[in-house]
Amino acid sequence: MFCKFRLAVIQLQVSSVKADNLSRARRLVKEAAGQGSKVVVLPECFNSPYGTNFFSRYAEKIPGESTQVLSEAAKENQVYLVGGSIPEEDGGKLFNTCTVFGPDGEVILKHRKIHLFDIDIPGKIRFQESETLSAGNSLSVFDTSFCKVGVGICYDMRFAELAQLYSRKGCQLLVYPGAFNMTTGPTHWELLQRARALDNQVYVATASPARDETASYVAWGHSTVVNPWGDVISKAGPEEAVVYADIDLQYLADVRQQIPITSQRRNDLYAVTSAQEGSS
């Protein structure tokens with residue numbers, strides 16, 4: 001009933017040249033598959049520098065150039081490919097969008113970032129995605145041959161309710177392509193992942209771009225995989241890397257049995273519901 005599978009998280013060095021980013025991503029997906037990975041995750045904004053002044057310049061329709069490369073890479077390597085995210089143009093609006101492809105190369109999910117990254121930390125960082133991007137309005141879950149997976153993008157990870165809904169929908173793995181920065185990354189990046197994993201007894205994987213100190217927005221890096229006990233089981237440094245984790249669904253079932261928070265939840269007192277469905 002339960003199985004193991006290998007997950008790969010690609011921490012890509014993103015440049016200003018889209019073709020180079022796509023080529024490097026394709027090569028690293030092949031490398032990950034060669035190491036036995038069945039699910040591969042790319043970082044947020046993997047085809048473009050991250051910044052409000054770049055989104056419109058690099059934006060594409062879906063399907064388009066970048067998603068065609070992702071489709072081919074998934075099919076060539078027979079993997080489920082979580083395509084990080086790209087700036088998407090649709091109907092005159094821009095979105096921060098993740099596409100997921102099956103081993104047959106077909107798109108099986110499109111997630112538009114739900115929570116836009118609008119923050120202002122005086123003296124450190126101000127960033128307003130809403131200046132150029134529009135928010136997505138749907139939860140995003142897909143099935144693999146191994147388990148069900150929930151998808152969020154970066155800032156989505158800060159919202160515990162989303163992870164709770166995914167867990168209640170049967171997800172055993174949550175993936176968050178993300179690009180935390182040098183202010184929030186050191187303090188919150190790992191902490192949030194461990195919290196989401198522990199609260200929901202799921203595996204959590206994050207894929208960041210590699211750090212580029214010369215970029216206008218410097219990503220923290222440190223792509224990570226956390227297990228349902230809240231332990232970090234794989235983590236990159238700041239540089240380009242592929243990190244691997246063997247996802248053990250029997251271990252996940254054991255954790256849920258040992259500390260049965262699902263059955264002990266006081267649904268008579270509180271509930272987290274999805275507005276799309278009226279309930280989760």
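Index from 1, following the sequence.
For Thr144 (side chain) and Cys147 (main-chain N/O), a donor-acceptor pair under 3.5 Å exists by modelled atom type. Distance alone, capped at 3.5 Å, is enough to place a donor-acceptor pair between the Asp156 side chain and the Ile114 backbone.
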Could you go through Val225 and Val9, starting from their C-alpha distance and side-chain angles, then the distance that decides it, and tell me whether this counts as side-chain contact (heavy atoms from CB on, under 4.5 Å)?
CA-CA 8 Å; Val225 184; Val9 178; 4.0 Å; yes
Assess the residue pair Gln257 and Gln201 against the criterion (side-chain contact (heavy atoms from CB on, under 4.5 Å)); give the C-alpha distance rounded to whole Å, side-chain angles, the decisive distance to 0.1 Å, and a yes or no.
CA-CA 10 Å; Gln257 183 176 35; Gln201 298 177 322; over 6 Å; no
Step by step, work out the side-chain contact (heavy atoms from CB on, under 4.5 Å) result for Met182 and Trp220.
CA-CA 5 Å; Met182 300 297 289; Trp220 172 238; 3.8 Å; yes
Would Phe146 and Ile247 count as a side-chain contact (heavy atoms from CB on, under 4.5 Å) if you check the C-alpha gap in whole Å, the side-chain angles of each, and the deciding distance to 0.1 Å?
CA-CA 10 Å; Phe146 315 103; Ile247 305 301; over 6 Å; no
Evaluate the ring pair (Phe, Tyr, Trp, His ring centres under 6.0 Å) criterion for residues Phe127 and Tyr217: first the C-alpha distance (whole Å), next the side-chain angles of each, then the deciding distance (0.1 Å), finally the verdict.
CA-CA 10 Å; Phe127 199 96; Tyr217 180 96; 5.5 Å; yes
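Using modelled atom types, one finds a donor on one side chain and an acceptor on the other under 3.5 Å when comparing Gln68 with Glu72. A side-chain donor from one of Gln193 and Thr206 sits under 3.5 Å from a side-chain acceptor of the other. Of the N and O atoms on the side chains of Tyr50 and Glu129, at least one donor lies less than 3.5 Å from an acceptor on the other residue. No hydrogens or angles considered: nothing links the side chains of Ser48 and Asn21 as a donor-acceptor pair under 3.5 Å. Side-chain contact check for Gln258 and Asp254: no donor-acceptor pair (N or O, by modelled atom type) lies under 3.5 Å. For Tyr166 and Ser140, the side-chain atoms include no donor-acceptor pair closer than 3.5 Å. Using modelled atom types, one finds no donor on one side chain facing an acceptor on the other under 3.5 Å when comparing Gln11 with Ser208.
No more than 12 heavy atoms of other residues, nucleotides or ligands lie within 6.0 Å of NZ in Lys75, so this atom counts as exposed by the packing criterion. Residue Gln264 places its CD atom among more than 12 non-hydrogen atoms of other residues, nucleotides or ligands, all under 6.0 Å distant.
The hydrophobic clustering, which links ILVMFWY residues whose side-chain heavy atoms are closer than 4.5 Å, places Val242 and Ile233 apart. When hydrophobic clusters are built by joining Ile, Leu, Val, Met, Phe, Trp and Tyr residues whose side-chain heavy atoms come closer than 4.5 Å, directly or via intermediates, Tyr80 is not grouped with Val107. By the criterion of side-chain heavy atoms lying less than 4.5 angstrom apart, applied directly or through intervening Ile, Leu, Val, Met, Phe, Trp or Tyr residues, Leu109 is not grouped with Ile86; the two fall into different hydrophobic clusters. The same ILVMFWY cluster, assembled from side-chain heavy atoms under 4.5 Å apart, contains both Val204 and Leu165.
Taking the ring centroids of Phe180 and Trp189, they lie under the 6.0 Å cut-off.
With respect to Asp246, the salt bridge (Lys or Arg N to Asp or Glu O under 4.0 Å) criterion is satisfied by exactly one of Arg6, Lys38, Lys4: Arg6. Applying side chain to side chain contact (heavy atoms under 4.5 Å, CB included) to Val175 and the options Val100, Val39, Ile153, Val149 leaves one that passes, Val149. The side-chain hydrogen bond (donor to acceptor under 3.5 Å, both in side chains) test with Glu88 singles out one residue from Asn96, Thr67, Thr99, Thr97, and that residue is Thr97.
In this pair, Phe117 and Tyr155 present their aromatic rings perpendicular. The plane angle is above 60°, beyond the 30 to 60° band.
Note on Glu89 versus Arg112: no salt bridge recorded, every NZ/NE/NH1/NH2 to OD/OE distance being 4.0 Å or above. Taking the charged nitrogens against the carboxylate oxygens, Arg211 and Glu240 have no contact shorter than 4.0 Å, which rules out a salt bridge.
The structure places SG of Cys45 at 9.0 Å from NZ of Lys113, a figure rounded to the nearest 0.5 Å.
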